[in-house]
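FYI, side chains are in, hydrogens and waters are out, and symmetry mates aren't considered; it's all heavy atoms of this structure. Below, chain A is the first sequence line, B the second, and so on; all start at residue 1.
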2 protein chains.
Amino acid sequence: MSPQRRAGLGTNQEAVRRHNLGTVLRHVHRAGHISRAELTSLMGLNRSTIAGLVAELESLGVSERAHPVEGARQGAGRPSAGVRIAAEGPYVVAVDLGVDRAVVARVGLGGQVLQRAQAPVHDGGEAWQVGASVASLVRQVVADAPPAAPLVGIGISVPGLVRRTDGLIRLAPNLGWQDVSFGGIVLAALGVDIPVQLGNDADLGALAEHRRGVGVGVDDLIYISGNVGVGAGIIAGGVKLDGAGGYFGEVGHLPFGLAGLTCHCGNRGCWETEVGAHAIAEAIHCPADKVAQLDEVLDGYGEPPAQLRATGTALGHGLASIVNVFNPRMVVLGGYFRSLYSLVRAEVNAGLTERTLPAPLESVTLALPGLGSDSALLGAAEIALEPLFVDPVAALGTALVDVRAGLAG
Amino acid sequence: MSPQRRAGLGTNQEAVRRHNLGTVLRHVHRAGHISRAELTSLMGLNRSTIAGLVAELESLGVSERAHPVEGARQGAGRPSAGVRIAAEGPYVVAVDLGVDRAVVARVGLGGQVLQRAQAPVHDGGEAWQVGASVASLVRQVVADAPPAAPLVGIGISVPGLVRRTDGLIRLAPNLGWQDVSFGGIVLAALGVDIPVQLGNDADLGALAEHRRGVGVGVDDLIYISGNVGVGAGIIAGGVKLDGAGGYFGEVGHLPFGLAGLTCHCGNRGCWETEVGAHAIAEAIHCPADKVAQLDEVLDGYGEPPAQLRATGTALGHGLASIVNVFNPRMVVLGGYFRSLYSLVRAEVNAGLTERTLPAPLESVTLALPGLGSDSALLGAAEIALEPLFVDPVAALGTALVDVRAGLAG
DNA sequence: GGAATTTGTTGTTCGAGAGAACAGGAACGG
DNA sequence: CCGTTCCTGTTCTCTCGAACAACAAATTCC
């Protein structure tokens, strides 16, 4: 699931080709439209080698020749031909499973959302019901796709703990799920067998912001997600961290709460009891049935009341500990923290500065997501696309070619 | 400093050879004595390719042909010739800078300590004084080395924050240092210019235990070091985490302390105020001048007094949070925690079990260091050896060949 | 003792990237 | 307006490293 290669293996020449082909595609995916000259300098390979790789990608139907990139290089010399994602190229389906709604999108190489659909998800719905409605959304989203374009896979963002090895949803408290094989359920509802990847919403938010959001070029970042529960996704050295089981970054139960309130996990003083959605909702007397739309409620405020300012300070203090431990260059505040931070920015910053050690403080920045509320969705797309960058030929081999017929059921 | 390759680069054929040669050497280093047949299956390369790589390593003088490995394979077939570290092969010097003493060792490929020396370090000593005495220890340790053997580099373990980019010691509270370029000081005292690597003691402990200690084969582990201050080194996915500046894993200032004692960092309730050496010393009425030997004091106890049992519970509770966040497969308790854990194992385990979430708890193990008190020292050796595994030819090129003459000053 | 099995060795093949030579296309300078 | 300069795409050849095949060597098993 992670892009890390197995350590200790040797490299044969087939692996070289695979890696280089995948890396070219990764660059095209990142930039959308890039010149061959840029590819040569980015990858440090010879012009002729790049030409061969680009030609192979074109023959695979994933990229196509394009006009030179606008405003690329100023000066003399022959302009370099562009490479861009093919119009009828491969795509994936991304699913963002929220507490109250599911968003499904068709996302092409390059990270563009080509089509989108959503539907409400009933609280406490059974997994197979949710799976059926997700499958129906998938069919909608895929209906207008070019017939020749292959479907590479499905990526699903889940608000809960996802086991790394097999994508099993171990625990999703806000969905009321435990040990649910949601990937299999969706595939069964669709009646196909294609690669499915699942991930935690905070992890995927971090991945998306790192690749396409405010965190582009930032190799050490943390994405804190407020989505009823509080979680973090961590990118360290440019790599998404998973932990032994896939549960890396569960910061919601760190005991930052001085009041010592009891948490649903059984312990006391968890950070979630201070800055979790339910805690905030209670503090500002927000009705319980609107907790899922807490960000909209917060956006409605002009001036923050004192309770929110105190929450902002608590958020800043908690972030200080997180920064001390993870030493990130950037912390992205996602979910309802996005709205909260806009309201009480001063308090959060003060709380952070007050408690962070000097060394980690000097290089860290707080930021809002560059992808708005689509972070997790686009992160789901990224993990579904990942096989293409590891081995384009193999990934296209397992892709679903005749999508309409395949999903007709 | 970290073994991660720069992302986005292409692989040319020169890089392939470099990588494969380094990987063979890495395996020989790890195993000490390994058969060529094992190398072929581990690396997935052809027999003849491995033969060529091994021949090159032999011609470089880093490995030599050996008898077949004892008790390797049972069954028919020609026994596979062994590969082992050359007797007069390259070595490094490892330095473990402690609070009260410096240990210096000559360490060969394969991780064997070939020679060792130590000297007390005066509390509050100036960096140049410490540097001079370290340099003198280095000369001792190198004196009996085979004259043909090259010195690849120096690795230094420091109890403090080390900046990743240049190895500057940003802050070492227990040495009273701030912004000290200790690597340069030692090199100047030696009068040579060879590669020097510095690292935090907990980080290096984690690295060593992962490669040569209890954590062999465990790709997600945490090493908690108790050395006056409390810190953690984290290996995730088989890679040591550094963070943006190199300060990843500073867990000593997480606010786990319910009593809310004031810490030297200015905040309240830091974990160090509960399980730090000074806190423990105070709790058991240990004289202040023996804090540096806290482990020996603890080893003197037969039955733990109540105060230590409470400390054990606090340690367990803190570890629970750490396990929740980092989701490791193993937690190694180093420094004086080694002695403490042996005394109050039950309390630590109970505290951990009580507060860890079910999912991360089910896969985690507490362990004692497999390398005793040499973890940080051997970790320092590992980072000094690392260049050899990235590019053996280049690393041997920058190595010091005529060591006696070079260090004669 | 012969068959089976596994490995080391040697020479050849194959494939991917590097490099050189040439052509194409634009900006620049006069 | 035209030649120069600069950079890039294209094509062909070269080089190098890994794979492959065939054979020899060394051990176990029957």
For B:Arg18, report the nucleic acid contact type (base, sugar-phosphate, nothing); a contact means any heavy atom under 4.0 Å. nothing
For the side chain of A:Ala76, counting heavy atoms from C-beta on, which of D:dT5, D:dG17, C:dG8 is nearest? D:dT5
Nearest whole Å is fine: how far is D:dT11 P from A:Arg47 CZ? 13 Å
Between atom CD in A:Glu58 and atom P in D:dG9, what is the gap in whole Å? 12 Å
I want to verify a distance call: between D:dT27, C:dG17, D:dA18, whose nearest atom is closest to the A:Val16 side chain? C:dG17
Using a 4.0 Å heavy-atom cut-off across all strands, classify A:Ala51 as base, sugar-phosphate, or nothing. nothing
Give the minimum heavy-atom separation between B:Val107 and B:Ala94, together with the two atoms involved. CG2-CB, 4.2 Å
With a non-hydrogen cut-off below 4.0 angstrom, is A:Asn12 in contact with a base, only sugar-phosphate, or nothing? sugar-phosphate
Rounded to the Å, how far apart are A:Ile50 CD1 and D:dC7 P? 19 Å
Whole Å only: how far is the CG atom of B:Leu45 from the P atom of C:dC14? 20 Å
Pairwise distance CG(A:Leu109) to CD1(A:Ile85) - rounded to 0.5 angstrom: 4.5 Å
note: B:Glu56, atom CD; D:dA18, atom P; distance rounded to Å ~ 9 Å
How is B:Arg17 classified with respect to the nucleic acid when contacts are heavy atoms under 4.0 Å: base, sugar-phosphate, or nothing? sugar-phosphate
Tell me whether the OP1 or OP2 atom of C:dA18 has a side-chain N or O from A:Thr49 closer than 4.0 Å. yes
From CG of A:Asn46 over to C1' of D:dC16, roughly how many Å is that when rounded to an integer? 15 Å
C:dT7, C:dG17, D:dA18: which one has an atom nearest the side-chain heavy atoms of B:Arg78? C:dT7
Calculate, to the nearest 0.5 Å, the distance between atoms CG and CD belonging to A:Asp391 and A:Glu14 respectively. 8.0 Å
Just N and O in the side chain of B:Asn20: are any of them under 4.0 Å from OP1 or OP2 of D:dA18? yes
Specify the closest pair of heavy atoms between B:Pro150 and B:Leu396, including all atoms of both residues, with the distance to one decimal. CG-CD2, 4.1 Å
For atom CG of B:Leu39 and atom P of C:dT7, their distance in whole Å: 12 Å
Tell me whether the side-chain N/O atoms of A:Ser48 come closer than 4.0 Å to OP1 or OP2 in D:dT10. no
Checking B:Ser48 now: which residues fulfil side-chain hydrogen bond (donor to acceptor under 3.5 Å, both in side chains) with it, not counting sequence neighbours? B:Asn46
Where each residue is assigned the nucleotide of DNA chain C containing its nearest heavy atom, which of B:Gly77 and A:Leu53 is assigned the position nearer the 5′ end? B:Gly77
Report the distance from atom NE2 of A:His19 to atom P of C:dG15, rounded to the nearest whole Å. 21 Å
Using the closest heavy atom to pick a nucleotide of DNA chain D for each, name whichever of A:Gly82 or A:Gln13 lands nearer the 5' end. A:Gly82
